Amino acid sequence: MTTSIEPFDVVDLIRVKRSSGTLSTAQIDWLIDAYTRGYVADEQMSALTMAIFLNGMQRSEIRDLTLAMIASGETMSFDGLGRTTVDKHSTGGVGDKITLPLAPLVASFGVAVPQLSGRGLGHTGGTLDKLESIPGWQASLTNERMREILADEGAVICAAGTGLAPADAKLYALRDITGTVEAIPLIASSIMSKKIAEGTAALVLDVKFGSGAFIQDFTRAQELAHTMVDLGTDAGVRTSALLTDMSVPLGKTIGNALEVRESLETLSGGGPADIRELTVALAREMLAAAGQPDADVEAALDDGRAMDSWNRMIRAQGGDPEAPLPVAPHTHVVTAAESGYLIEQEALPFGIAAWRLGAGRARKQDPVMATAGIELHAKPGDQVTAGQPLFTLHSEDESRFGRALEAVEGAWSIGGTAPAPRSLVVERIS
Ligand code: URA
């Protein structure tokens, strides 16, 4: 029996990155292929990802890594659909339900919005988990059905199949257990390999910073946004990014069915001001990328076009948009101890509390509670009076309230002076 000779030795590649050197295209192509087929061991890849975490990567290496991960699986194409495709990706945050009103809103302008989404892990909720609180709604679609819905309705939000960038799935699972998730070259190549493989013509990124974001530091979030915009542009995908503040929860609900309810309010022309602002900002960005820079997106929210588009999108995936959303059997209200202005409302502790109430999962295989979460009755800057409800916890299991309350201890404050207003969209990068 003959065994084929491998062109590189992975230990040499680890040494290159350990001493801040640059890997060639051929080395990266081989590395990703050899790791996917199991020739490069997890221990070796762990050492390499840690060296990358500590020493970074050159732009050429990040591009090569992204392309190698794309080449590890299938690629999709929306050519022949008869509509321009624009996708949005958010790096995730607390109460971030923007995909729900955004996809049907943009689709109401005749653009196709393929949203291949995931489930939540940890304190940030997953779009599919939210939509699954709608009776009958199905996340899994074949590629053919997804195309059909896109062609007919313009928007589809479904589970990303395992065929896109499988090398990334393997590498991401390894990063998750080796403390190397937060390396910017690895995050950027991971996100962009899936988006480029999906075949969208344009992409708008919502890159978050602040306590509820995955990358909390503003400068690092900026670097991530620039890296992803460069990768998209190099791959021929029109890509831009908005840097948005995630220090306070987005909107007034955190948790699956509660967030769907708030999305419906937004699609009816109402909803919290921050949800409307970000939905409108991202819709304008997406429509500009699709050649409609002057689209009046606010009118589409106010006159029912976006809601019609939502109803069609939900029905196409088996959901009943008229069915009542599930409601938690148990609630616990927290009231203001004094009168004044709500000064602080930190995103991360509220995200953790919603997770502890059952809205999120600790392990991939865990189920989520559709009804669990938090309803915020006031947002920073609002005036509150002593005894007024500040927020309500929702769960199917009353015994979870104690641990959720522990998570938010000290996470909000009331004072005599209104806090300075914060901008939600801080920078645009293209
Ligand atoms: N999301 C991804 O898909 N990949 C990362 O590395 C981080 C967030």
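Just so it is clear, the model here is predicted, and its values are computed rather than measured. Counting starts at 1 for both ligands and their atoms, in listed order. The figures here come from the full heavy-atom set of this structure, side chains too, leaving out hydrogens, waters and symmetry mates.
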Quiz prompt | Electrostatic pair Lys208:Asp245 at N-O distance under 4.0 angstrom | solution = no
Quiz item: Got a salt bridge between Glu375 and Arg261, using NZ or NE/NH1/NH2 to carboxylate O under 4.0 Å?
Solution: yes
Quiz item: Under a 4.0 Å N-O cut-off, is there an ion pair linking Asp234 with Arg63?
Solution: no
Quiz item: With the threshold set at 4.0 Å, does a side-chain nitrogen-carboxylate oxygen contact exist between Asp129 and Arg361?
Solution: yes
Quiz item: Do the charged groups of Lys88 and Asp206 touch, with an N to O distance under 4.0 Å?
Solution: no
Exercise. Look up atom OH in Tyr35 and atom CZ in Arg37, then write down how far apart they are to the nearest 0.5 Å.
Key: 13.5 Å
Quiz prompt | Contact residues of ligand 1 (heavy atom under 4.0 Å), by chain and number | solution = Tyr172, Arg175, Ile187, Ser190, Ile191, Lys194, Phe214
